[in-house]
Novice: 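Could you have a look at this structure, given as structure tokens, before my questions?
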Amino acid sequence: MEKTHPIRELMDKESLTCLSVSHDWRSGRICWRASYEWDDSISWADYQKTFTIESCLAASPRYFGHATVLEMFGSNGSEDVRKEIEELLKAGRHQGIDFFREPSFDITFMNNMHSNILGIRNGMHAIRAGGIRRHPLADPEMEVIVDGLNLARAMSFKNGAAEIPFGGCKCTVHSDEISMGDMERLGFLAYCLDRSRFFTGPDMGFPPELADVFHEHFTANITGGKKGPLGPTGTPTAYGVYLAIKAAAEFRYGDPHLREKKVLIQGLGAVGYPLAELLIKKERCPLIVSDVDEAVIQRLKQDFPEADVTEVDPGVVLDTPADIFAPCAMGGIISDEEIPRLKYDIIFGSANNVLAAHSQEEEIALAKRLAERDILYQVEWVHNIAGVMAGYEEYMHGEEADRGRLYAHIERVCGEGVRENLREAERLGITPTEYAYRKIEKRIYPDLTPSS
Ligand code: PHE
């Protein structure tokens, strides 16, 4: 039988607290390492009080090199898993993954690293930026790894498009729900975050309060708390997506006003809800909404009793025609199979990785198929990026973070930047997705593309 959590099994069986794989996309070299670095007596709530990331936390720490880790995979019957991970890193040109594990909590913290090139000389503790999201333990581990790697790759490009000096990564925490009062588990996550040299912001599966608790007790490598200077990042993200939808409408219909346009929003969460609010307040356009949580739809209807809001079952979203489709929930929803039945003029939303692809090449191919069906789409990291822009503003300026500067930045990137992306792609006769990749990849893979 296929193992559902092979890395967890291997780490627990071999008593590993840390496992890491690094990959150099230039040479194709892969290096595995592992270690045992903390005993089970440690109290994670004391992180930054009685110990820091430099402290020795085990009576007998142990470190293992590449050859030994390969043997461990072999003797655990997990060769196929190791190879699958290596193939994923190669296909996506990723830097690697660091796994940190606390068996007493059954938590695996995964730092999925795509690239650090934009951040290596930024002078900060963090050289990468990416959200932190949680996957329930019921999700198979490989699904969590694939999600993290795809999101990490998107973050490299997102940070490049946002013009911020940070590489891309995404943190996936494989764990049962963690209460915001659970200082032991939160201390462990904060310790792993600080060892990973990225700044983060709460993503799916974590509330904004995570950032508040981390700031108060453990680390400043997180942004987007309720008590933070700019608040949760969903609101600015929604504003960027809203501007991008208007730019797309202008490009497609010659008019940025959306009053007559039916917009279908999948997911009324941290970004979908404020996006719906903006569309109702500023455009008064008819909305079709869908969410697995019925209560949030009722809340929208109650907040805006005059608005034209209809709802559809989450199972039939892709069968529901609309002028504009804004996916704001899970990624990977559109593959070759769905494309023939989609009835939209525009697909622009906030969800990361809407196209079910594992590499840039696959993504560009799917985007082409959408274009053949006359659907205007661009890879979403061009416009769902105001969350990390807000994170950047807060990370760099702390309490002096400035909303006016942030919103000017958003207007430039999600307004003018999107208009330019659509215009230039049309001029070159390629999809906006391909144009966006061509533009940013020069900076992410500088040795791959001839300098121009
Ligand atoms: N979670 C955000 C996204 O997916 C990115 C982010 C990173 C936000 C760091 C804040 C801080 O786009």
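Residue indices begin at 1 and follow the sequence shown. Remember, it's 1-based here, ligands and their atoms both numbered in the order they're listed. This one's a predicted model, so the numbers in the text were calculated from it and none came from an experiment.
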Novice: Do Asp303 and Lys281 meet the salt-bridge criterion of a basic N to acidic O distance under 4.0 Å?
Specialist: no
Novice: What is the closest protein heavy atom to atom 10 (C) of ligand 1, and at what distance does it sit?
Specialist: Gly387 O, 3.6 Å
Novice: Answer yes if the ring centres of Trp38 and Tyr191 are under 6.0 angstrom apart, and no otherwise.
Specialist: yes
Novice: Is it true that Tyr239 and Tyr407 have ring centroids separated by less than 6.0 Å?
Specialist: yes
Novice: Within the structure, does Thr200 bring an N/O atom to less than 3.5 angstrom of an N/O atom in ligand 1?
Specialist: no
Novice: Salt bridge check: are Arg133 and Asp203 linked by an N-O gap of less than 4.0 Å?
Specialist: yes
Novice: I'd like to know if Arg8 pairs up with Glu141 as an ion pair, taking the criterion as any Lys NZ or Arg NE/NH1/NH2 lying under 4.0 Å from an Asp or Glu carboxylate oxygen.
Specialist: no
Novice: Considering both backbone and side-chain atoms of Thr233, is one of its nitrogen or oxygen atoms within less than 3.5 Å of a nitrogen or oxygen in ligand 1?
Specialist: no
Novice: Tell me which one of Arg412, Arg443, Lys158 satisfies salt bridge (charged side-chain N to carboxylate O under 4.0 Å, His left out) with Glu163.
Specialist: Arg412
Novice: Of all the heavy atoms in Tyr395, does at least one lie under 4.0 Å from an atom in ligand 1?
Specialist: no
Novice: With only distance considered, is Lys158 within less than 3.5 Å of ligand 1 through an N or O on each side?
Specialist: yes
Novice: With atoms numbered from 1 as shown, which atoms in ligand 1 lie under 4.0 angstrom from a non-hydrogen atom of Lys170?
Specialist: 1 (N), 3 (C), 4 (O)
Novice: Give the atom numbers and elements of ligand 1 that come within less than 4.0 Å of a heavy atom of Asp203.
Specialist: 1 (N), 2 (C), 3 (C), 4 (O)
Novice: Given that the side chain starts at C-beta and the backbone is N, CA, C, O, which of these parts of Thr237 lies under 4.0 Å from ligand 1, counting heavy atoms, or is it both or neither?
Specialist: neither
Novice: Using a strict 4.0 Å threshold on nitrogen-to-oxygen distance, state whether Glu420 and Arg423 make a salt bridge.
Specialist: no
Novice: Any ion pair linking Arg101 and Asp106 (charged N to carboxylate O, less than 4.0 Å)?
Specialist: yes
Novice: Is Gly130 close enough to touch ligand 1? Criterion: a residue heavy atom under 4.0 Å from a ligand atom.
Specialist: yes
Novice: Going by the order shown, which atoms of ligand 1 are within less than 4.0 Å of some heavy atom of Phe199?
Specialist: 9 (C), 11 (C)
Novice: What atoms of ligand 1 come closer than 4.0 angstrom to any heavy atom of Thr223?
Specialist: 10 (C), 11 (C)
